[in-house]
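Worksheet: the structure to be examined is printed underneath.
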Amino acid sequence: GIGIGSAFLAGAFSSAPAKPVADASKSPAVTPSVTPSASASPTPTAAMVNGKCIYTTSGTPSKKATPPPAKPDITAKYQATIATNRGNIVINLLNTGAPCAVNSFVSLADQSFYNRTHCHRLTTSGYFVLQCGDPTGTGSGGPGYVFANENLNALKLSTCPGSTEKCATFPPGTVAMANAGGSDSNGSQFFLVYKTTVLPDSYTPFGTIVSGLNIVQNVAKAGSDNSNGTGDGHPKEAVDIASVKIKQT
C-alpha cells in the first residue's frame with residue numbers, strides 16, 4: 001500500500017497518514033512526485049535484471065490478471081487516460097525512469113484490470129493524495145504479483161519533518177506507486193498527488209498528470225469521510241474509474 005501512518009498508503013493507504021503506502025496488504029501509501037529521469041536508458045534497479053522486469057507472485061489477484069511480459073519496451077512513450085465519472089485524467093507515463101512500473105500499469109490497463117473500480121482513499125491532512133488501483137476498494141487488493149521500486153533518484157530529497165530520515169517532495173501532478181511498506185511490494189495501487197506532499201523516499205514515481213489535475217483537486221476540496229482518521233478516508237465525492245486507456249505517443 002502506500003503506507004502512511006501505520007501504513008500511510010500501506011496496502012491501501014492503510015491507516016493514519018504517516019507515510020503513504022501502496023498496495024498490497026493493507027493500505028497503499030502515496031509517494032510524492034518526481035521528475036522524469038533524463039537518462040536514455042533505465043538505471044538498473046532491483047526491479048529489472050538483465051533487461052527483464054522481475055514480477056514475483058504474491059497473493060491472489062483481486063481481479064483476473066496475468067503478469068506483464070518480462071521485457072518492457074523501453075523506447076515506447078505512453079500516455080494513459082483514466083476515464084472517471086468526474087472527467088478524464090490524462091497521464092504521461094515515465095517509461096525511461098520507471099520501465100517496470102509503467103510496463104505493469106500498461107499491462108493491467110490493457111487487461112481492463114482498472115475498469116469499473118473506484119479510488120478508495122483520499123488524504124487531506126499532512127499528505128495530499130488520491131489513491132486508486134484496488135478492485136476490492138479496501139486498500140488490500142492487488143494483481144497477484146509484486147515488483148521493486150524504481151526511479152527514486154528522480155525524487156527531490158529532503159529530511160523528514162521531525163526526523164533524520166530521508167523524505168522526498170512529491171509535486172502536484174505526480175503519479176506514484178503505493179506499496180505494502182517494502183521496497184519490493186508494488187502491485188496495482190497508485191496515488192495521484194494533488195498538492196505538494198512530503199513522504200518517505202520509498203514510492204516509485206511513474207507518471208505526471210498533464211490534464212485533469214483540477215478534477216482531483218475538486219474532489220479533495222469536498223473532503224473524505226475520515227474513516228481512517230482525520231483527513232484520511234474514502235472521498236466524499238466518489239471517483240469511479242470506467243476505464244484506463246493507453247496510447248503510444
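Predicted, not measured: the structure shown is a model, and the values here were computed from it.
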Chi angles and distances behind the side chain to side chain donor-acceptor pair (under 3.5 Å) call for Ser58, Thr56: CA-CA 6 Å; Ser58 177; Thr56 305; over 6 Å; no

[X] side, atom [atom1]; [Y] side, atom [atom2] - distance, nearest 0.5 Å:
| X | Y | atom1 | atom2 | result |
| --- | --- | --- | --- | --- |
| Ser104 | Phe190 | OG | CZ | 11.0 Å |
| Lys156 | Thr169 | NZ | OG1 | 6.0 Å |
| His118 | His234 | NE2 | NE2 | 6.0 Å |
| Phe147 | Asn186 | CZ | CG | 4.5 Å |
| Cys100 | Lys71 | SG | NZ | 10.5 Å |
| Phe206 | Asn103 | CZ | CG | 12.0 Å |

Using a 3.5 Å distance criterion without hydrogens, assess whether the side chain of [X] forms a donor-acceptor pair with backbone atoms of [Y].
| X | Y | answer |
| --- | --- | --- |
| Asp240 | Asn85 | no |
| Thr123 | Val129 | yes |
| Lys63 | Gly141 | no |
| Thr197 | Phe128 | yes |
| Ser243 | Lys245 | no |
| Asp225 | Gly233 | no |
| Thr249 | Lys247 | no |
| Asn95 | Ala76 | yes |
| Thr204 | Glu150 | yes |
| Thr117 | Asp134 | no |

Testing the basics here: between [X] and [Y], what is the closest heavy-atom pair and its distance to 0.1 Å?
| X | Y | result |
| --- | --- | --- |
| Thr196 | Pro172 | OG1-CD, 3.4 Å |
| Gly187 | Met177 | O-CE, 3.2 Å |
| Ala65 | Leu108 | CB-CD2, 4.0 Å |
| Tyr145 | Pro67 | CE2-CA, 3.8 Å |
| Leu152 | Pro205 | CD2-CD, 4.4 Å |
| Tyr114 | Gly133 | CE2-CA, 3.6 Å |

Contact check, side chains of [X] and [Y], non-hydrogen atoms, under 4.5 Å:
| X | Y | result |
| --- | --- | --- |
| Met48 | Pro72 | yes |
| Val239 | Ile215 | no |
| Arg86 | Val219 | yes |

Trace of the side chain to side chain contact (heavy atoms under 4.5 Å, CB included) decision for Tyr194 with Ile209: CA-CA 9 Å; Tyr194 63 87; Ile209 297 172; over 6 Å; no

Stepwise side chain to side chain contact (heavy atoms under 4.5 Å, CB included) check, Asp184 with Ile54: CA-CA 10 Å; Asp184 57 352; Ile54 308 299; over 6 Å; no

Cys119/Ile241 under side chain to side chain contact (heavy atoms under 4.5 Å, CB included): CA gap, chis, key distance, verdict: CA-CA 7 Å; Cys119 297; Ile241 296 176; 4.0 Å; yes

Same apolar cluster (I L V M F W Y, side chains within < 4.5 Å links), Leu157/Val193: yes

Within one Ile-Leu-Val-Met-Phe-Trp-Tyr cluster: Ile82 and Val90, side-chain cutoff 4.5 Å: no

